[in-house]
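Positions are given from 1, in the same order as the sequence printed here.
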Amino acid sequence: MILIYLAPFFIAFELVQLLVAERYIGIRQIRAGQHPLDAVKRLPEWCAALWVLGRALTWLYMLLLIFDPRAGVQGFLMFFVTLIAAGLRRKTGLKWTLVIMTVEGAVRMGMLVNIMMTVFFFNGRLVPSFVL
């Protein structure tokens with residue numbers, strides 16, 4: 001159950017990650033032809049370290065969710081989408097990175113909200129009791 005209570009923290013991390021990504025590899029930077037690694041204005045090292053730690057914790061969280069009976073399907077889908085998105089970000093250029101990150105983050109946030117709704121509103125059932 002502790003994994004379910006951690007879901008809002010990971011939703012918040014996803015939102016912050018998308019906001020920072022838009023700031024550093026957003027539309028203005030893409031139009032200007034500016035690559036994030038060539039930019040003068042970079043993230044502070046402590047912020048980059050927190051981001052890497054957050055990403056590692058997100059991967060661990062998704063793996064743990066796979067083995068939770070209440071959230072296994074959502075954990076697997078989040079993990080699968082993250083793997084696919086990582087591969088796509090590697091293959092596509094900088095112009096598509098923010099788009100892929102946005103879709104990936106939205107899927108993960110949606111799955112986390114789905115986990116919370118399933119557990120708290122539907123008592124762990126995938127379908128409400130009045131449907132069955």
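- Cluster annotation: Phe10 and Trp51 are assigned to distinct hydrophobic clusters (Ile/Leu/Val/Met/Phe/Trp/Tyr, side-chain heavy-atom contacts under 4.5 Å, transitive).
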Pair up each side-chain donor or acceptor in residues 86-93 with any protein partner under 3.5 Å, not counting sequence neighbours, and list the distances.
{"residue": "Arg89", "atom": "NH1", "partner": "Glu104", "partner atom": "OE1", "Å": "2.3"}
{"residue": "Thr92", "atom": "OG1", "partner": "Leu88", "partner atom": "O", "Å": "2.8"}

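- Residues Phe120 and Ile4 have side chains in contact (heavy-atom distance under 4.5 Å, counting atoms from C-beta outward).
- Here the CD atom belonging to Gln74 is positioned 9.5 Å from the CG atom belonging to Asp68, to the nearest 0.5 angstrom.
- Looking at Met78 and Val107, their side chains never come closer than 4.5 Å, going by heavy atoms from C-beta outward.
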Quiz: residues 43-50 side-chain donor-acceptor pairs under 3.5 angstrom, not counting sequence neighbours:
none

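- In this structure, CG on Asn114 lies 4.0 Å from OG1 on Thr118, to the nearest 0.5 angstrom.
- For the pair Phe9/Leu6, a side-chain contact is recorded, criterion being any heavy-atom separation below 4.5 Å from C-beta on.
- In this structure, the side chains of Thr97 and Ile100 stay at 4.5 Å or more apart for every pair of heavy atoms.
- The CZ atom of Arg108 sits 4.0 Å away from atom CD of Glu14, with the distance rounded to the nearest 0.5 Å.
- The cluster map of Ile, Leu, Val, Met, Phe, Trp and Tyr, joined by side-chain heavy atoms under 4.5 Å apart, puts Leu83 and Met109 in the same cluster.
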key: Thr102 vs Val99, side-chain contact (heavy atoms from CB on, under 4.5 Å): CA-CA, chis, key distance, verdict   = CA-CA 5 Å; Thr102 303; Val99 173; 5.8 Å; no
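- Counting only heavy atoms from C-beta outward, the side chains of Ile11 and Met116 approach each other to under 4.5 Å.
- No continuous path of ILVMFWY side-chain contacts below 4.5 Å connects Phe13 to Val113, so the two sit in separate hydrophobic clusters.
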Quiz: residues 54-64 side-chain donor-acceptor pairs under 3.5 angstrom, not counting sequence neighbours:
{"residue": "Thr58", "atom": "OG1", "partner": "Gly54", "partner atom": "O", "Å": "2.8"}
{"residue": "Tyr61", "atom": "OH", "partner": "Leu3", "partner atom": "O", "Å": "2.5"}

